[in-house]
Amino acid sequence: KTTRKKMGQSPPTSCYNNILLSIFVTILILLPQYSHATLSTNSRWIINEGGQRVKLSCVNWVSHLEVMVAEGLSKQPIDTISKSITNMGFNCVRLTWPLFLFTNDSLSSLTVRQSFNNLGLVESIAGLQVNNPSILDLSLLHAYQAVVSGLGNNNVMVILDNHISKPGWCCSNFDGNGFFGDQYFNPDLWIQGLTNVATTFINVTNVVGMSLRNELRGPKQNVNDWYRYMQKGAEAVHAANPDVLVILSGLSFDKDLSFLRQRPINLTFSGKLVFEIHRYSFTDGKSWETGNPNQVCGQVVNDIMSRGGFLLDQGYPLFVSEFGADQRGTNVNDNRYFNCFLGLAAELDFDWALWTLVGSYYLREGVVGLNEVYGVMDWNWCDIRNSSFLKRISAVQSPFQGPGYNESRSHKLIFHPMTGLCVRRISFFQPLELGPCSESDAWDYTPTKALTLTGTYFCLQADKSGQPAKLGIMCTNSNSKWQAISDSKMHLSSKLQDGTNLCLDVDSKNVVFTNTCKCLSKDKTCDPASQWFKIIDSTRQQNTTKSFFQSNQIVQFLGNTFSYIL
């Protein structure tokens, strides 16, 4: 988060639209609802006490800045914000905290009012008096607990994240908070703080995990000290609160866990360990904007897999606890990155936490009321900043597979990251189109590279450039074979009888058609997003009532097919 610019904005005079995000009721119907329960791990999956997978689909809520109070409470009541979180389809919050809040009595005993007064934030105090008067004279520690309780009252799970030691914005290599032994990062005090937090929230049923430390970094970072202290921290948390998941971050701003390939961590407990990584567009500078998106996507995915993604194959859950994009939709670097990232998120079906819930900050880096353009809430915390973005990520808020979700035999979905939708069929005589993944068709991807509709003889075929993709029963021809090409491995390409290569594409109405494959060269100005698809695994039952065996359609379809052959 070090490269984000400070984006100020004049505040609106009033909250003109304080709707509780009702447009997302349809999303909630499709999401599994989780009651509070102790979570554990089963290989790469996080599961509940009944053995069913629980996918963490979280949003980050900042509470580690100088005020040491969860952001937004001067704008909206805790309960309103908590309901907004669930209405947006998130089932958990990664709630940040500064170490000194739980280790320095003079800080933790400050009241909320005193903390804001000390920083001259008189207007925020007035807002708190209106929206959350009950916390104004609570200690900072009790106010933090009140936020956790409010989330619990709305069935929102919480991951407690030790984000930093000294309260303030994070992160840089030289802020004194980066690694064990830095100015503000005493390992013994850190373990004491972890123990205090774990003890404070024992038997608080919606607290399901603890992230031990955010974004380890800086000149002192080294692998040996990582093992030495992260093992101590993990053991301390588990000893104090054996119910919570223990979540460990990597080096280099939490993008590198590659050292675990050869040297597993040694803990006395099992069934609770989760690893976390972070990834933003700016992790790779301006590469997305200045490079060819296919090439950059391929390089970034390979880097993610080599530094953290491999842990899934080793049988550990992977929690991508920070990722995000400029919600205004005008950042080319972010837009290209997010198309690639969302494809990977669907393919790997990992747990995640979006940065961020926050619409604006009380005080960040000296700026009062700073507008957070990565935030899903608007400046005044009363509306969604970008509703199309939330609709887009809704597909990955539910599990595609995992323990307890073997509702049907394993099949494929054809996922389109730019829209967050999947390929589906309406009828024989209407073009294939994009729609909600829960309502899309199940496909099989055969060894001969044919994409066939599960349980039928029908396969996806390319016809002509600029024409809709079609279904047919002649599935051995070259125009029925689909291969993932380009460095991104997200172009699905087929070859016509005349040798022309075409790729799946979508138009402005979300109709699936075939077109000349684009952006395969090193062109930096080309955007391939409409042609990026991912073939992903699923064991979920699809919510479709369509039948292939409607006699009038099947007879007409076969008649047309054989007339064409003759």
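Along the sequence shown, residues carry numbers from 1. Here the structure is a predicted model, which means the values were calculated and not measured.
- For residues 305-318, the set of pairs meeting the side-chain hydrogen bond (donor to acceptor under 3.5 Å, both in side chains) definition, not counting sequence neighbours, comprises Asp303-Arg307.
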Passes side-chain contact (heavy atoms from CB on, under 4.5 Å), Trp482 versus Lys449? Steps please.
CA-CA 5 Å; Trp482 298 89; Lys449 305 297 184 183; 5.6 Å; no
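- Rounding to the nearest 0.5 Å gives a distance of 12.5 Å between OG1 of Thr419 and NZ of Lys391.
- Annotation: ring pair (Phe, Tyr, Trp, His ring centres under 6.0 Å) contacts of Trp45 (sequence neighbours excluded): none.
- Looking at Arg392 and Leu342, their side chains come closer than 4.5 Å, going by heavy atoms from C-beta outward.
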Can Gln299 and Ile304 be said to form a side-chain contact (heavy atoms from CB on, under 4.5 Å), step by step?
CA-CA 9 Å; Gln299 292 163 1; Ile304 291 173; over 6 Å; no
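- If you look at Phe259 and Trp226, their ring centroids are closer than 6.0 Å.
- Look at Lys509 and Asp507 and you find no salt bridge, because none of the NZ, NE, NH1 or NH2 atoms lies under 4.0 Å from a carboxylate O.
- Here the shortest heavy-atom pairing between Phe350 and Leu318 reads CB-O, 3.4 Å.
- Ring geometry for Phe323 against Phe341 counts as parallel: the plane angle stays under 30°, on a 0 to 90° scale with 60° as the upper cut.
- With contacts defined as side-chain heavy-atom distances shorter than 4.5 Å, the pair Cys422/His416 does not qualify.
- Listed by first and then second residue, the disulfide bond (SG atoms under 2.5 Å apart) pairs involving residues 294-332 are Cys297-Cys340 (not counting sequence neighbours).
- Residues Ser57 and Val396 come closest through the heavy atom pair OG-O, 3.9 Å.
- You'll find the side chain of Tyr227 reaches within 4.5 Å of the side chain of Leu260, heavy atoms only.
- At least one test fails for Arg540 against the ring of Phe400: distance under 6.0 Å to the centre or angle within 45° of the axis.
- Note: Tyr280 and Phe282 have parallel aromatic rings, judged against thresholds of 30 and 60 degrees for the angle between ring planes.
- Gln531 places no side-chain N or O within 3.5 Å of a backbone atom of Cys503 that could act as its donor or acceptor partner.
- The existence of a salt bridge linking Asp161 and Arg94 is confirmed by a sub-4.0 Å separation between a basic side-chain nitrogen and an acidic carboxylate oxygen.
- Between Glu289 and Asn333, the closest heavy-atom pair is N-OD1, 2.9 Å.
- A donor-acceptor pair under 3.5 Å links the side-chain atoms of Asp523 to the main chain of Thr525, judged by distance alone.
- With a 4.5 Å cut-off on side-chain heavy atoms, Val207 and Leu160 count as touching.
- Evaluation of the salt bridge (Lys or Arg N to Asp or Glu O under 4.0 Å) rule for Asp537 yields Lys412 as partners, not counting sequence neighbours.
- For Val208, the side-chain contact (heavy atoms from CB on, under 4.5 Å) test picks out Leu39, Met157, Ile159, with sequence neighbours left out.
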Are Ile247 and Leu212 close enough, and set up right, to give a side-chain contact (heavy atoms from CB on, under 4.5 Å), and what steps lead you there?
CA-CA 6 Å; Ile247 305 171; Leu212 268 58; 5.8 Å; no
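- For Gln541, the side-chain contact (heavy atoms from CB on, under 4.5 Å) partners are Glu407, Ser408, not counting sequence neighbours.
- Proximity of a side-chain donor or acceptor of Asn60 to a complementary backbone N or O of Ser321 within less than 3.5 Å is detected.
- Scanning both residues, Met88 and Gln397, for their nearest heavy atoms gives O-NE2, 3.2 Å.
- At a threshold of 4.0 Å, the pair Asp349-Lys55 counts as salt-bridged, since one of the basic side-chain nitrogens sits closer than that to a carboxylate oxygen.
- Contact annotation: the side chain of Asn42 approaches that of Pro403 to within less than 4.5 Å [non-hydrogen atoms, C-beta and beyond].
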Hey, mind stepping through Met490 and Leu504 against side-chain contact (heavy atoms from CB on, under 4.5 Å) and telling me if it holds?
CA-CA 10 Å; Met490 287 208 285; Leu504 278 190; over 6 Å; no
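- When side chains are defined from C-beta on, Tyr445 does not count as touching Thr452, because their heavy atoms never get closer than 4.5 Å.
- Here the closest heavy-atom approach between residue Ala442 and residue His411 is recorded as CB-CD2, 3.4 Å.
- Surrounding OH of Tyr457 are at most 12 heavy atoms belonging to other residues, nucleotides or ligands under 6.0 Å away.
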